[in-house]
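First the structure, in the form of structure tokens, and then the observations on it.
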Amino acid sequence: MCSDADIGFMRQALAQASACLPAGDVPVGAVLVRDGEVLSVGRNRRVEEGSPLLHAELDAIERGARALGSWRLDACTLYVTLEPCVMCAGAVLQSRVGRVVYGADDAKAGAVRSLYQVLEDPRSPFSVKVSRGVLAEECAALLRSFFRERRGGK
């Protein structure tokens, strides 16, 4: 179930995703929120920075931890336009993010629901609340457009 606030924060994540386009990065954006306020934003910057680790989620988590002065983000919600991969889901667990809200499912690499259920694994010492499908069509459309253009309009 999503709220108006969830939709608003996802729109901000979509703006971050769009900011990836000039550098040629896959358009994925993230926003980390605490107490209803944006703590940090992130976007894919793998191409821009030449680092395989600069996924949107990791960018937002790192910036948020620095802003708080703590690696524990348990009072935070991470909004991301695409279902997190295994690496990013692991970072969510390690930083103790309390809730993840994502837009589009990722059938090829999704580690929250599509391929794996890393955030809700009963063997984990804690659980993360998950909401999916917030502005899913808008999030997916941005990705489809990006990949269609990369394939020469096919």
Side-chain angles (χ1 to χ4, degrees), residues 1-21 23 25-140 142-143:
M1 178 169 209
C2 74
S3 67
D4 289 342
D6 288 341
I7 291 168
F9 291 126
M10 188 61 73
R11 288 204 187 288
Q12 291 182 52
L14 272 164
Q16 289 299 312
S18 293
C20 296
L21 296 172
D25 273 301
V26 175
V28 179
V31 175
L32 188 67
V33 174
R34 182 177 179 204
D35 297 328
E37 299 292 327
V38 173
L39 184 60
S40 64
V41 298
R43 68 179 190 275
N44 273 0
R45 295 188 299 127
R46 294 181 306 169
V47 172
E48 181 181 334
E49 298 291 331
S51 172
L53 301 178
L54 283 176
H55 287 205
E57 300 93 326
L58 298 183
D59 193 22
I61 288 169
E62 177 66 24
R63 291 171 192 257
R66 273 194 243 134
L68 278 180
S70 174
W71 62 270
R72 290 182 172 270
L73 303 175
D74 52 310
C76 297
T77 297
L78 180 66
Y79 293 85
V80 61
T81 57
L82 181 65
E83 179 181 4
C85 69
V86 172
M87 176 176 69
C88 293
V92 165
L93 290 175
Q94 291 301 313
S95 61
R96 309 293 198 265
V97 169
R99 180 176 178 231
V100 170
V101 178
Y102 72 89
D105 288 329
D106 185 350
K108 293 182 181 178
V112 177
R113 295 273 167 84
S114 296
L115 294 179
Y116 308 101
Q117 294 79 42
V118 172
L119 300 183
E120 296 172 318
D121 190 310
R123 297 168 291 187
S124 180
F126 57 93
S127 63
V128 177
K129 293 177 183 153
V130 175
S131 298
R132 68 189 267 238
V134 176
L135 299 181
E137 184 50 41
E138 290 178 47
C139 294
L142 182 60
L143 289 159

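Note that the coordinates shown come from a computational prediction; the quantities given were computed from them, not determined experimentally.
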Should [X] and [Y] count as side-chain neighbours, where that means a heavy-atom distance under 4.5 Å?
X    : Y    : answer
M10  : E138 : no
C85  : D106 : no
L143 : L82  : yes
C76  : V33  : no
Y79  : E57  : no
L73  : L32  : yes
R63  : L39  : no
D74  : V97  : no

Greater than 12 external heavy atoms within 6.0 Å of Q94's CD:
no
What distance do [X] atom [atom1] and [Y] atom [atom2] have between them, rounded to the nearest 0.5 Å?
X    : Y    : atom1 : atom2 : answer
I61  : R96  : CD1   : CZ    : 12.0 Å
L21  : R43  : CG    : CZ    : 10.5 Å
Q16  : R45  : CD    : CZ    : 10.0 Å
R132 : E83  : CZ    : CD    : 7.5 Å
D121 : S127 : CG    : OG    : 11.0 Å

Atom of [X], atom of [Y] and distance for their closest heavy-atom approach:
X    : Y    : answer
V100 : V92  : CG2-CG1, 3.8 Å
E48  : A23  : CB-CB, 4.0 Å
A17  : L142 : CB-CD2, 3.6 Å
L93  : F126 : O-CZ, 2.7 Å
G103 : A136 : O-CB, 3.5 Å
C139 : T81  : CB-O, 3.3 Å

Checklist line | Stepwise side chain to side chain contact (heavy atoms under 4.5 Å, CB included) check, R34 with L68 | finding: CA-CA 10 Å; R34 182 177 179 204; L68 278 180; 2.6 Å; yes
Q | Check against side chain to side chain contact (heavy atoms under 4.5 Å, CB included), C20 and V28 | A | CA-CA 7 Å; C20 296; V28 179; 5.7 Å; no
For E120, the side chain to side chain donor-acceptor pair (under 3.5 Å) test, sequence neighbours excluded, returns R113
Next item on the list: Please lay out, stage by stage, how R11 and L135 fare under the test side chain to side chain contact (heavy atoms under 4.5 Å, CB included).
Entry: CA-CA 8 Å; R11 288 204 187 288; L135 299 181; 3.6 Å; yes
Sorted by chain and residue number, the ring pair (Phe, Tyr, Trp, His ring centres under 6.0 Å) partners of Y102 (sequence neighbours excluded) come out as none
Could you check whether any side-chain N or O of [X] sits under 3.5 Å from a backbone N or O of [Y], counting only pairs where one atom can act as donor and the other as acceptor?
X    : Y    : answer
D25  : V47  : yes
S40  : G64  : yes
D6   : S3   : yes
Q117 : V112 : no
D105 : S114 : no

Practice task
Go through L78 and V101 one step at a time and tell me if the side chain to side chain contact (heavy atoms under 4.5 Å, CB included) criterion holds.
Solution key: CA-CA 6 Å; L78 180 66; V101 178; over 6 Å; no
**Request:** May I ask you to check whether S131 and R99 show a side-chain donor-acceptor distance below 3.5 Å?
**Result:** yes
